[in-house]
Amino acid sequence: MPELPEVEGVVRSLAPAASGRTIRDIAVSDTIIKSKSEAKEAILKNISPEEFAGRMRGMTITDVTRRSKYIYFHLRKDGDTHLLVSHLGMSGAWFAVNEMDEVKEEKFRRHIHVIFGMEDGGLLAYADIRRFGELRLIGAESDHPPLLAMAPEPFDDSAAGHFLDLCKTSKYAGKPIKETIMDGKVISGCGNIYATEALFRTGIHPGRKTGRISLKRLGLLFAEIRQVLGEAIEAGGSSISDYRNINGEAGGMQDRLRMYGRQYCPACGTATKRMTIAGRTSVYCPKCQH
DNA sequence: TGAGCGATCCGGCGGC
DNA sequence: TGCCGCCGGATCGCT
């Protein structure tokens, strides 16, 4: 499942592959057309397949950037700028190819839902096995308020202060620390995998109340989150279940995860425990994490 | 007013 | 082997 480092990997390869190219036509899968006809919001948000295709036609992709776990396609047509916001959900993937059969893995090829045909003849394809991802065409970030509510990028200078300030508020002080750090308004792009890892590395129990952790430890936790995210970006992301970059390649970070998905603590050998926090499974070592 | 919960987008997979 | 139920990012709407 793609988190911030995986999305960063996609953007780093997508930006040079897509920038400067103009979209000639759009194909939307029958599956999505059917879902949308049943009034579901499958992948295409707040727009019909026909309107999406009509508006995207003729758009030039000027740049591709990342904000938290969102991919921003910066677009221009007739002198106006637009933004296509892509979230990969659980299992989304982009592929830049010349023919669809260049998408080697059957499980992705079977679930290609949107294809951008480029004026130069190439293709940009969005595949999504579970259809939890989204494509949202807007004018600018301000058209979709949740985008404006996101925490600063974790590598920004302001991110640590933002995190520590919110930890002190009554809203977050009573919540389990894992729920706090996975809230995108508190820290951008820290999902289950990297939250689990950073908590293990700092010896903090995922269920500990945020307000019961010293500012010093919270500062160390934030630094560790940033460290883990940075390591994962360098390793090309973690390919837990369905992450692939635009060339269909998996990342290598999963081999370096020390707690996520583990049965035994790599530090002391104790059997790991799991608990549900904010509806998600959390793994931790009952001996090393307090 | 806002916190909290359930529903919603689904296919894959573990378990029986 | 087939079917049921669980899982999960993020948002939204209801209580």
Side-chain angles (χ1 to χ4, degrees), chain A residues 1-8 10 28-49 52 66-72 85-93 105-114 126-138 141 143-151 154 166 169-176 178-196 206 209-211 225 229 232 237-244 250 254 260-261 263 274-283:
Chain A
M1 60 195 92
E3 295 191 23
L4 185 150
E6 292 75 35
V7 177
E8 178 67 21
V10 170
V28 176
S29 72
D30 291 343
T31 306
I32 295 303
I33 290 171
K34 181 168 180 293
S35 285
K36 293 291 289 180
S37 73
E38 293 165 356
K40 294 176 183 172
E41 287 293 274
I43 298 178
L44 297 179
K45 305 300 179 185
N46 288 326
I47 196 167
S48 69
F52 180 76
R66 180 187 60 74
R67 175 74 175 93
S68 187
K69 298 183 207 171
Y70 294 89
I71 300 165
Y72 285 2
V85 179
S86 163
H87 193 291
L88 301 174
M90 297 297 302
S91 54
E105 280 181 279
E106 161 88 16
K107 67 174 177 175
F108 285 101
R109 200 172 56 243
R110 278 182 53 211
H111 298 283
I112 290 168
H113 291 302
V114 180
Y126 179 69
D128 194 334
I129 299 167
R130 275 170 245 179
R131 287 180 250 167
F132 271 37
E134 70 175 61
L135 290 174
R136 187 183 300 274
L137 179 57
I138 55 181
E141 262 188 333
D143 293 338
H144 190 54
L147 298 175
L148 298 178
M150 288 189 288
L166 285 183
T169 62
S170 58
K171 180 178 167 69
Y172 291 103
K175 290 183 191 290
K178 182 146 178 290
E179 183 174 348
T180 300
I181 63 176
M182 286 177 65
D183 185 325
K185 295 187 285 299
V186 180
I187 296 178
S188 274
C190 181
N192 202 10
I193 297 172
Y194 300 111
T196 295
K209 296 279 186 285
T210 302
I225 290 168
L229 292 174
S238 302
S239 298
I240 307 291
S241 72
D242 297 321
Y243 167 69
R244 296 295 181 276
Q254 65 277 7
Y260 185 86
Q263 303 293 321
R274 36 203 83 222
M275 65 187 290
T276 300
I277 295 170
R280 317 254 242 311
T281 304
S282 297
V283 188

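Below, read A as the first sequence line, B as the second, and so on, with proteins coming before strands; counting in each chain starts at 1.
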Asker: Could you state the atom-to-atom distance from CD of A/Glu179 to P of B/dC5 in whole Å?
Answerer: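 From A/Glu179 CD to B/dC5 P: 9 Å.
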
Asker: Rounded to the nearest Å, what distance is computed from the CD1 atom of residue A/Ile187 to the P atom of nucleotide C/dA10?
Answerer: 13 Å

Asker: Taking OP1 and OP2 of B/dG12, is either one under 4.0 Å from a side-chain nitrogen or oxygen of A/His111?
Answerer: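 Yes, such a contact exists.
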
Asker: Looking at A/Ser91, does any N or O in its side chain come under 4.0 Å of the phosphate oxygens OP1/OP2 on B/dC10?
Answerer: no

Asker: Please determine which of A/Lys69, A/Arg66, A/Arg67 meets the side-chain contact (heavy atoms from CB on, under 4.5 Å) test together with A/Ser188.
Answerer: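 Of A/Lys69, A/Arg66, A/Arg67, side-chain contact (heavy atoms from CB on, under 4.5 Å) with A/Ser188 is met by A/Arg67 alone.
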
Asker: Would you tell me if any nitrogen or oxygen in the side chain of A/Tyr70 comes within less than 4.0 Å of OP1 or OP2 on C/dT11?
Answerer: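 Looking at the OP1 and OP2 atoms of C/dT11, one of them is under 4.0 Å from a side-chain N or O of A/Tyr70.
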
Asker: Figure out the CD1/P separation between A/Ile129 and C/dG8, and round it to whole Å.
Answerer: 17 Å

Asker: Tell me, do A/Glu41 and A/Lys36 make a side-chain contact under 4.5 Å, heavy atoms counted?
Answerer: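 They are in side-chain contact.
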
Asker: Are A/Lys40 and B/dT8 close enough that a side-chain N or O sits under 4.0 Å from OP1 or OP2?
Answerer: no

Asker: For A/Met182 and C/dT11, what is the distance between atoms CE and C1' respectively, to the nearest whole Å?
Answerer: 15 Å

Asker: Do the side chain of A/Asn46 and the main chain of A/Arg136 share a donor and acceptor less than 3.5 angstrom apart?
Answerer: no

Asker: I need the minimum non-hydrogen distance between A/Cys190 and A/Glu3, along with the two atoms involved.
Answerer: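 In terms of heavy atoms, the two residues are closest at C-OE1, 4.1 Å.
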
Asker: Please classify the nucleic acid contact of A/Gly191 as base, sugar-phosphate, or nothing, using heavy-atom distances under 4.0 Å.
Answerer: nothing

Asker: In whole angstroms, how far is the C1' atom of C/dG9 from the CZ atom of A/Arg136?
Answerer: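 Whole-Å distance recorded here is 13 Å.
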
Asker: In whole angstrom, what separates A/Arg131's CZ from B/dA7's P?
Answerer: 21 Å

Asker: Contact class for A/Lys185 (heavy atom, under 4.0 Å): base, sugar-phosphate, or nothing?
Answerer: nothing

Asker: Compare the aromatic ring of A/Phe132 with the six-membered base ring of B/dC9 and state whether they stack according to the 5.5 Å and 30° rule.
Answerer: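 Yes, the aromatic ring of A/Phe132 stacks with the base.
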
Asker: Using whole Å, what does the distance between atom P of nucleotide C/dA10 and atom CG of A/Leu147 come to?
Answerer: 12 Å

Asker: Looking at NZ of A/Lys209 and NZ of A/Lys175, how far apart are the two atoms once the value is rounded to the nearest 0.5 Å?
Answerer: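 That separation rounds to 10.5 Å.
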
Asker: Provide, to the nearest angstrom, the distance between the CD1 atom belonging to A/Ile112 and the C1' atom belonging to B/dG11.
Answerer: 16 Å

